2 protein chains.
Amino acid sequence: MRFVSAEQVAKLAGVSRSAVSRTFTEGASVAPATREKVLKAAEELGYHVNDLARGVLANQSRLVGVVATKPEIGFRAHLTAALTKALIRRGSIPVLINTGETEEELLAAQKMLIGHRAEATVILSGSPPASFFELAQRNGQPLVVIGRSEPDADRVLAGNAEASREAADTFIAAGRRRLAVIGSRSATPSIAEREIAFVAAAEASGFVVRIAHGRDSDYDGGIIAARELFSEGERPDAIFCANDLLAFGAMDVIRQEFSLSVPDDVALIGFDDVPEAAWLSYDLTTFRQDPAAIAARAVMLLDRRQQNPDEPRACERVIPQIVFRKSFSRS
Amino acid sequence: MRFVSAEQVAKLAGVSRSAVSRTFTEGASVAPATREKVLKAAEELGYHVNDLARGVLANQSRLVGVVATKPEIGFRAHLTAALTKALIRRGSIPVLINTGETEEELLAAQKMLIGHRAEATVILSGSPPASFFELAQRNGQPLVVIGRSEPDADRVLAGNAEASREAADTFIAAGRRRLAVIGSRSATPSIAEREIAFVAAAEASGFVVRIAHGRDSDYDGGIIAARELFSEGERPDAIFCANDLLAFGAMDVIRQEFSLSVPDDVALIGFDDVPEAAWLSYDLTTFRQDPAAIAARAVMLLDRRQQNPDEPRACERVIPQIVFRKSFSRS
DNA sequence: ACGCGGTCTGCACGGCTGTGCAGCAAACAG
DNA sequence: CTGTTTGCTGCACAGCCGTGCAGACCGCGT
């Protein structure tokens, strides 16, 4: 019996347990004198209300699940951090479910969240199976999906299509002709979306786009894809990378293995604007995504859903802004 | 009443609530037939045990707090991810408290954790005030501190002193004579420890060490410190950076602003071996810290403390291994 | 002095669960 | 066939908390 209960505080303060409960309940009616006594006793014993029991009563727990695979990498790290911060500020308790790609692992995590009566779940990555959504639905658990167009849940989307089109148009306007795009084979929805939109926009203007894929959408992926692009076929003079990490890998290969110049020989545009994009070695032109803004929208959707659970699914868009740096400038 | 209760399942299955409870309790005695009936009813209603209520009864919640400031940056991102993964594998529920540096913010977070009867708290960074430890102690909440020598808690320490000494000795053995170290003004304990140990080791061998500080221990910090080192005074030919991010900033300034060569003019050693250290642009010689290993030790300490709460405080050391890359090689 | 209104307080209940205990039926041994 | 063991089951209680309700008490007006 490690924790102090309200009973013990009541005994020490010489009041009933109800008085203790009321002292710690917002807006309950307690006389200042007893309130004082209770607080003193609580302080002496080191008492804290048991939020678990409170949650049992109210059928809610203030827990919010944050589901992500590889939350330490690239933009996702920043998104995870922004989200947890926003949740804490809101008074929620962020539970970070760092899960592998396996379907069963994901379902196990969800069962854990439902078991603990998590109020909502935010999904940052991965492609949850249909049963995931169904389970959440049946338990009335609000779901917010970020960066994936999932009709069965509230969602926050980056303007992937708009940005990718802008990338293509800007390349073309600057006189670049041999376009390429780098995506990844293990296609995250947003990565795939950017790749497809870029190709579509370029083709609409009458250009052919070479496509290369890394294994994952990370630095090594950029390395692999760039090697493929430059060791055979027509050498590109402008590459749109579906995220910054891919761009870093590609840039390093272009400069160091093929001794070409960025931006003179090859222009590069990335996506996300992670802090590394501003590092002197890269100085990458990229689309800025504000993690705090995305997190704020997600929390807003959560609030709204909790107030009217039966509203139709909503979708918030956050439009990324291009940031020009040395790897590609307009003129 | 969004969630299904055991009562409802019992009614549907035509058994008592106890039978339902036992069905979902490990090692309880239930007849296979009733077990079957209960499972079927539970499946039909979408029932999940309320772990909150279970926790109230057992006075434990499976929640484990993970407290970190800026968990998105550098090595800490990897440590956070490794820790949450290890905790989940252990069956715990990691609550990521992403807090600012403020003392009151930290205390609020801790109150939240205690209120929810978190079983333990792992602290990754920041310098919690004494009251933090006292509060944890009084509530019998196990505390594990990583990378900080805090006698009132179990702790996992990197071999900062050993590694820093090795850095100094290796520089000297390779014929480097004008040594410098880069730390930060907002000194994290481990950053400060590395700086001090390096200086001590070099001085023991009769060398003077120039010291430069960034504002924080990140990329910008490295930039600022390197500018200071190279714009005045005797130019160093070997710099030990208290972490990799500082090294990246320093390396970029050395090469691009002062047009010097790494490693010919200046050798660099970093600390942590974050993935970026292996990127072609940096190829940084550094001390490898394995986040998974550190996380595993932390979880081990947690387990041990939970089994015998009265054991004396323990301290686990994980010794970093130097990884040689291009920024400094032995010969 | 007496009645009345208002403010607190304590009781008891409700919200979920795990589990000791006693009882019951079935199985088994003699 | 009967006595005993065994295996399940249901009851009731414990573990925390918030809150409706009725009653106590205090202050005040007449």
Side-chain angles (χ1 to χ4, degrees), chain A residues 1-39 41-42 45-63 111-112 114-119 139-140, chain B residues 1-39 41-42 45-63 111-112 114-119 139-140:
Chain A
M1 210 163 320
R2 265 171 27 197
F3 288 98
V4 184
S5 80
E7 189 80 47
Q8 304 174 34
V9 178
K11 193 171 289 177
L12 179 61
V15 296
S16 80
R17 201 184 51 70
S18 313
V20 178
S21 176
R22 280 188 248 266
T23 300
F24 291 100
T25 302
E26 199 78 17
S29 137
V30 205
T34 49
R35 181 189 190 79
E36 201 61 33
K37 277 193 294 185
V38 169
L39 285 178
L45 294 176
Y47 170 75
H48 287 264
V49 177
N50 186 336
D51 284 309
L52 254 50
R54 201 178 242 176
V56 169
L57 203 59
N59 217 336
Q60 55 165 2
S61 64
R62 288 170 56 197
L63 260 50
K111 283 200 179 140
M112 185 148 88
I114 290 180
H116 279 261
R117 298 299 184 257
E119 292 182 355
N139 286 279
Chain B
M1 210 164 321
R2 264 171 30 196
F3 290 98
V4 184
S5 79
E7 189 79 47
Q8 304 173 34
V9 177
K11 193 171 287 177
L12 178 62
V15 295
S16 80
R17 200 186 50 70
S18 312
V20 178
S21 176
R22 280 189 248 265
T23 301
F24 292 101
T25 303
E26 199 78 16
S29 138
V30 205
T34 48
R35 180 188 192 80
E36 203 60 34
K37 276 193 294 186
V38 168
L39 286 178
L45 295 176
Y47 169 74
H48 288 264
V49 177
N50 187 336
D51 284 310
L52 255 48
R54 201 178 241 176
V56 170
L57 201 59
N59 216 335
Q60 54 166 1
S61 63
R62 289 170 57 198
L63 260 50
K111 284 202 179 137
M112 184 149 87
I114 290 180
H116 279 263
R117 298 297 184 260
E119 292 182 355
N139 286 279

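Hydrogens, waters and symmetry mates play no part in the numbers below; they use all other heavy atoms, side chains included. As the structure is a computational prediction, the values presented were derived from the model and not from experiment. Protein chains get the first letters and strands the later ones, always in sequence-line order, with residue 1 at the start of each.
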Sugar-phosphate, base or nothing in reach of Ser18(B), heavy atoms under 4.0 Å: base
Interatomic distance, Arg35(A) CZ vs dT7(C) C1' [rounded to whole Å]: 15 Å
Separation of dG10(C) P from Lys11(A) NZ (nearest whole Å): 14 Å
Atom-to-atom span, NZ of Lys37(A) to P of dG10(C) - whole angstrom: 8 Å
N or O in side chain of Ser21(B) less than 4.0 angstrom from dG18(C) OP1/OP2: yes
Heavy-atom pair with the smallest gap, counting every atom of Ser61(B) and Leu52(A): CB-CD2, 3.7 Å
From Lys111(A) atom NZ to Asp51(B) atom CG, the distance as rounded to the nearest 0.5 Å: 12.5 Å
Short side-chain N/O contact from Tyr47(B) to OP1 or OP2 of dC16(C), under 4.0 Å: no
Where Leu12(B) and Ala41(B) come nearest, the two heavy atoms and their spacing: CD2-CB, 3.8 Å
Gln8(A) CD - dG15(D) P separation (whole Å): 11 Å
5' precedence on DNA chain D between Glu7(A) and Ala19(B) (nearest-nucleotide basis): Ala19(B)
DNA chain D-proximal residues of residues 22-31 of chain B, any heavy atom under 4.0 Å: Arg22(B), Ser29(B), Val30(B), Ala31(B)
Arg54(B) CZ to dG15(C) C1', straight-line distance once rounded to whole Å: 17 Å
Residue pairs passing the salt bridge (charged side-chain N to carboxylate O under 4.0 Å, His left out) test where at least one lies in residues 14-36 of chain B, sequence neighbours excluded: none
Between P of dC16(C) and CG of Leu52(B), the distance in whole Å: 11 Å
Straight-line distance of Ile114(A) CD1 to Asn50(B) CG, nearest 0.5 Å: 12.0 Å
Check: dG18(D) base within 3.5 Å donor-acceptor of Arg17(A) side chain: yes
Leu63(A) and its side-chain contact (heavy atoms from CB on, under 4.5 Å) partner, picked from Arg117(A), Glu119(A), His116(A): His116(A)
Integer-rounded Å distance: dG18(D) C1' and Leu57(A) CG: 5 Å
dC16(C) OP1/OP2 closer than 4.0 Å to side-chain N/O of Asn59(A): yes
Short side-chain N/O contact to dC8(C) OP1/OP2 from Thr34(A), under 4.0 Å: no
Point-to-point distance, once rounded to the nearest 0.5 Å, from OG of Ser21(A) to CZ of Arg54(A): 7.5 Å
Side-chain-base donor-acceptor pair under 3.5 Å for Ser16(B) and dC11(D): no
Distance in Å, Ser16(B) OG paired with Glu7(B) CD, rounded so as to fall on 0.5 Å steps: 9.5 Å
side-chain contact (heavy atoms from CB on, under 4.5 Å) partner of Thr23(A), the single match among Thr34(A), Val9(A), Val30(A): Val30(A)
d(CG, Asp51(A); C1', dC17(D)) in whole Å: 10 Å
Residues Tyr47(A), Phe3(A); criterion ring-ring contact (aromatic ring centres under 6.0 Å, His included); working and verdict: CA-CA 8 Å; Tyr47(A) 170 75; Phe3(A) 288 98; over 10 Å; no
Five-pair end axes of the helix from dA1(C)-dT30(D) to dG30(C)-dC1(D), angle between them (10°): 40°
